Structures are given as structure tokens and as C-alpha cells.
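Keep in mind the model is a prediction, meaning the values are calculated, not measured. Residue numbers start from 1 in every chain, and the chains themselves are labelled A, B, ... in the order their sequence lines are given, proteins ahead of strands.
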Amino acid sequence: MTEWKRTHHCGDVSKEYVGQAIILNGWVNRRRDLGQVIFVDLRDRSGLVQIVLDPEVLGPEQFALAERLRSEYVISVQGTVLERPEGQVNKKIATGEVEVQVSKLIILSEAKTPPFQIHQAADVDEALRLKYRYLHLRSKELQDTIALRHQTVDAVRSYLNGQGFLDIETPLLIRSTPEGARDYIVPSRVHPGEFYALPQSPQLFKQLLMIAGFERYYQIARCFRDEDLRADRQPEFTQIDVEMSFVDREEVMNTMEAMIVHVLSEVKGVKVETPIPRLSYQEAMDRFGSDKPDTRFGMELCDVTAHLGGSEFRVFADTAKTGGVVKGLNVRGGADFTRRQIDQLSEQAVSMGAKGLMWFALEADKVRSPIAKFLSEEELIAIQRELAGEVGDLLLLMAGEYDLVSEVLGRLRLQLGKELGLIGENRYNLLWVVDWPLLVYDEDSERFVAAHHPFTAPLDEDIDLLESDPARARAKAYDLVLNGVELGGGSIRITDRNLQERMFRALGFTMEEARAQFGYFLEAFEYGTPPHGGIAFGLDRLVMLLANRNSIRDVIAFPKTVSASDLMIEAPAQVSQQQLDELKINLRR
RNA sequence: GGAGCCGUGGUGUAGUUGGUUAACACGUCGGCCUGUCACGCCGAAGAUCGCGAGUUCGAGUCUCGUCGGUUCCGCCA
């Protein structure tokens, strides 16, 4: 055995080993040089332990070596575990009851002074942290988060493996499809002028695996989308991709909620009550103004249109007349909002597209509101009753088109919920949103497009709406929402050839046109297709929530910036003329 | 594609109404120090204030542009 090879990990050293000779390896986290004795906090991935470098034990030569130690040097130490002297226990670290008296020190690697201190990395400019990502990754926070990610994947795999799912890989070099997100494109050398695309998801392949008879498939799959980024969106990200045969919606949802419950239990020790509540898309929009409601707090939206249709107040009467709605929400205890605060809310509502925001502060002796004088006593009472307004509350009302009013109020609700501290810590509120619209009208292309994708099955009772009223057709689709974040979504797929044809027609193209685009896929369906459906979860988002982070960059070992650059490897980058020549690619300009 | 915020020694920040020596903490380097644990004490080095124009007698500070990071809208399932 090599003389420097470790016998224990730093974070594991405890009173149990007092008196034992051990060898530790790790990085110098901090050094405290007191002259005739040097203390070093030694760090490896398991944690920290204090080592003591004493010239009387080490001898002059070894102590001279110890004096050279600096932050981030990689060392090996032989020594004895000692219980710390009376009154010198450090309660801040797990190994604080003990220390290691070093008898032999080996410097395995010296280190330049790092561009930032590892234990302060959280405050450093993101660009610098990303350039030196391997240093940031040394921080406890990121080490813990990356480990949590591993545990999450492990729990997912063990659950699905136990349920008879097969992990099957699908290709990364595939064919570009015009629908959906922008593709990342890879040129082909062997076929000049032709290109692969990187998958936005393994959607078609997993369905083909069902046709192939694997019945239960999963994959921790890397996906690529060339779209603008956000805190929760990276150009490459990871999905927990699942597909099942001979199942209906219930079975997919039941299996998947059991999986998520298993993960939460294994990784966070959180017990979730099942069944997970379900909301229809319509109800989610009605009550929360969002297709991914955060149900950790109330402040639900309420429709008061019915009470205001005959109002003298033009805004309400006109809204009701033109098929719009008046919706509101109750900010509990918000009556003491200042005029300035309320004006800010109004401005925000307007910037989100609303016409305006009306408000009623319910004070002890009166209703403070710029529009109260335009409303009848009955109308004021109805508004208060519907919104369950009590003295001290602030009622917000908005009039206009249903979608816009709901969405804007939904966003105000979320913002107020955060600002007023209504969202409890360490809560995991799961929610299924079901019965999604099947089709959405796209103003740009002046046609219906698939809300989910073109192979999503409509609800049985809505099939005939495909021709009569496509906008009202609902899908056998489901999204799982955790704390207001869309964790994943899926659907039961169309397996009936005739229905698929009607779907394509509703989308505005003929079977011939569909064949041109998805020929191989549709042909496969003609060779015996089991009923099937599936779902895909955003692994990065899931881990982000479990780790209590605000960005998925924090849960990806080597993430990219908001402009899709990797600052460490400096990608993307130009390639050589020779490479371009081989690919028969000319750059413009 | 659009909007907001940020950019000052290695790091994090301060910098007044535009006024001449750019401040503080951490880190780094040197000295002292035998029980520290955010060690302490003494001393030192280290910045053309992201970059480029402009306004001005004078710009870290004001204006415009640009680059980078970030957040949101559009986009994205």
C-alpha cells in the first residue's frame, strides 16, 4: 500500500477512533499558524477535521514543511486521533470533539492562491465562479447539492427498476422536426449539406419502444433546446423520461406519484399524503390564475362578474356585456397598505397587460376606495361577501378578458404571497393539473397547434369537438406541479389511426403532409400498437426544489450562462477552417 | 427580440452635489506568536474604477454605445 493512502475520511473521524493511528487525505481548508503550533482544517468530500502540526511531534524538517502549507494544498497526513482538551470542543463542526495529531505530513500537490476563497464562493460574481467552476464545486454547498442530485437519481432508478421499468438509451444524433422548440444542429461530414439535430426529448423514440414491446421504459435523458434561457432553463437539461404500455391516465399518474413520493421520502425524509390532489386546468385558472398553481397558500381568485353585470359603474357593466369577467382576490390584513404600495401594484398589473386595478381597503368604519362611490351598497356588500372580506383586508378587483384577468391576478397573487411571507418553508405541495386544452390557437400561423404535442389523445367525450369546436377539446394530459413549479408533464398518446388523422386535420395538415414529416413514426403505428402513455420530469428542477435553490445552475455540475456559454471551457467557439472544409460549410461574410 | 439590475485592488463592498491622496473587510506576502478554530498582533504589496466614445477646466460619479453576468417578458413543454 502506498504510504499516503487514506484509511479514513475527514468528516468521519470521531471519538470512536481516539488513540488510533489513521491516514487522511484532503485539501487545506484553512490554516492557523500560531508559530510553535499550526492548526489546519483538512477537507475532503465528507467534511472537515482539525489536524495539529506540532514541531515536538513532527521534528524540525517536517515542521518546516508544515509551515509551507497554504489554502487548497493537497496533503496526506499520518497521525493519531485525540480527544480535544477540556473546553476546546468546536461545536460548529461535526468532528469538533476530536483532532488529529500529525506524525507525518506529505504534500501531494501545491496550489496557487485561488481566485476566490472556497468558503466564500457563494458571494462571488457568477462569471468568475463559472470560469473556475471546479473550484466553486469544492464548496460545501455545491458538494452537498451534487450529492443530493445523485441521491435523487438513485431513488428514481431504484423505484422504477423495482416496478419493472427498463432503462433504455435513445440516440442523440437524430432528425430535426419543425414543431416545438428550436433544435441544436450537428452537421454531417459523410452527408455534406445534411444535419442531425440533438433531441428536445426522446418523445418519438419512447413511443417506438412501446410499439417494440418493452412496455415499461425509462431513461435519465439529456435533452437540448436552443431557446432563450431562464433561471430554471438550461440549453441542455435532464429529464426523467417514462413511457408505459397498456395503461390509462390513472395508472400513469398513480405510478408516477408513487415514484415522486418515494423520492421525497428517500431524499428528504418528507412524507407526502396521497393521493396527490388534482385540479383541472380550468379550475386552476379559475382559482389561481395559473396552470401551475402554488398551493402552499390561499388568496384564491374569485369571480364576481355575476354580481356586477347591472352596475352603474361603466367598467363593470361593459365588461359583463362584452363577455369579460371581473375577478378579485383578498389580501388579508392588507388594508393598511399605503397608497404608494397600492399604486405600485396597479402599475405592475398594467405592465402585465391589465387595464387597471381596482381596490377596496376595508377599514373599521368605512371602505376606503377610489371607486366605492360609483357602486351601490348591494354591490359593495356582494364583493365583500364573495371575497370573504373582513375589516383589515384589502380587496383587489380587475375587469377584462378572462385569460388576461386570471393570469395577471395569478401573478399578483404569487408576488403578494412571497412578499407577505405566506409561503411556509420546507413544504412540498404536490398537485396534478389535468384536462389540459388539446389545441391552442396560434395567432401567428393562424391555425391550431398542439398544446402538448400532436400525438396527445383527446378526452373520449371531447373527440367530436376536434371538428366542431377545437378550442374546447381537452386532452388526456397531466402535469405534476410542486410548489408552483412545473415538474413534469405527459399524456396518453393517440394510438387509433383514424383519430390521429382527425387530429392532424384539426392541426391544419393532411395525412400526406403528416407523413412527409413523421412518416417512419406513423408507419410504425400500423404494425400493432399497444395503448400507451407517459411523462417526463425535469430532473434539474426537481433537484433544485429539493435543494432549496433558485436556479438549476446550482444543481448542474457544469452549467452554462444565460447566454448559453460555458465560461470554463469557453464554448461555443470557432472551429478550424479544416473542420469547416470537411463539413463543406462556408461561413457567411 | 425587449426591459430591469450589476460591473471599483485577487474577492466582497464603500465612494456625498462631478473636485484632484479611490476607503474598508477578507485574501496575499513578510515579521512575531504553543491551543487556535472567522486565531491574534505589527508591517507591506496590490486599482489606469469592464471596454470605447462624449459632456466638462475636471468623470469611479453624468450621457451614449459596447462587452460580460444576472432577473423577467417574448420564446420554450
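Using a 4.0 Å heavy-atom cutoff across all strands shown, A/Arg70 reaches sugar-phosphate atoms only and no base atom. Looking at heavy-atom distances under 4.0 Å, A/Gln239 makes no contact with the nucleic acid at all. Among the protein residues, A/Ala121 comes within range of no part of the nucleic acid, since none of its heavy atoms lies under 4.0 Å from any strand. Residue A/Arg30 is classed as a sugar-phosphate contact, given heavy-atom separations below 4.0 Å to backbone atoms only. Residue contacts shown for A/Val124 are limited to sugar-phosphate atoms, with no base heavy atom under 4.0 Å away. Residue A/Gln120 is classed as a sugar-phosphate contact, given heavy-atom separations below 4.0 Å to backbone atoms only. In this structure, A/Gly180 reaches the sugar-phosphate backbone alone: every heavy-atom distance under 4.0 Å involves primed, P, OP1 or OP2 atoms, never a base. Among the protein residues, A/Glu126 comes within range of the sugar-phosphate backbone only, with heavy atoms under 4.0 Å from sugar or phosphate atoms but none that close to a base. Counting non-hydrogen atoms under 4.0 angstrom, A/Arg553 reaches the backbone sugars and phosphates but no base.
For A/Val37, counting side-chain heavy atoms from C-beta on, the closest listed nucleotide (B/rA38, B/rC26, B/rU34) is B/rU34. Side chain of A/Lys92, nearest nucleotide from B/rA38, B/rG35, B/rC73: B/rA38.
For the pair A/Leu567 CG and B/rU70 C1', the computed distance is 12 Å after rounding to whole Å. Whole-Å rounding puts the A/Leu69 CG to B/rU28 P distance at 13 Å. Atom P of nucleotide B/rC75 and atom CG of A/Asp442 are separated by 9 Å, given to the nearest angstrom. To the nearest angstrom, C1' of B/rG27 lies 11 Å from CZ of A/Arg31. Rounded to a whole Å, the CG atom of A/Asp33 is 10 Å from the P atom of B/rU34. Distance A/Phe116 CZ to B/rU13 C1': 18 Å, rounded to the nearest Å. Note: OH (A/Tyr478) to C1' (B/rA77) measures 14 Å, nearest angstrom. Distance, A/Phe224 CZ to B/rA77 P: 16 Å, rounded to whole Å.
Residue ring and nucleobase are stacked for A/Phe39 and B/rU36, with a centre distance beneath 5.5 angstrom and an angle between planes beneath 30°.
Map A/Ser563 and A/Arg233 each onto its nearest nucleotide of RNA chain B; the residue landing nearer the 5' end is A/Ser563.
Dashed line: the shortest gap from a side-chain N or O of A/Ser565 to OP1 or OP2 of B/rG68 is not under 4.0 Å.
Among the candidates A/Glu283, A/Arg413, A/Met299, the single residue satisfying the side chain to side chain contact (heavy atoms under 4.5 Å, CB included) test with A/Phe288 is A/Arg413.
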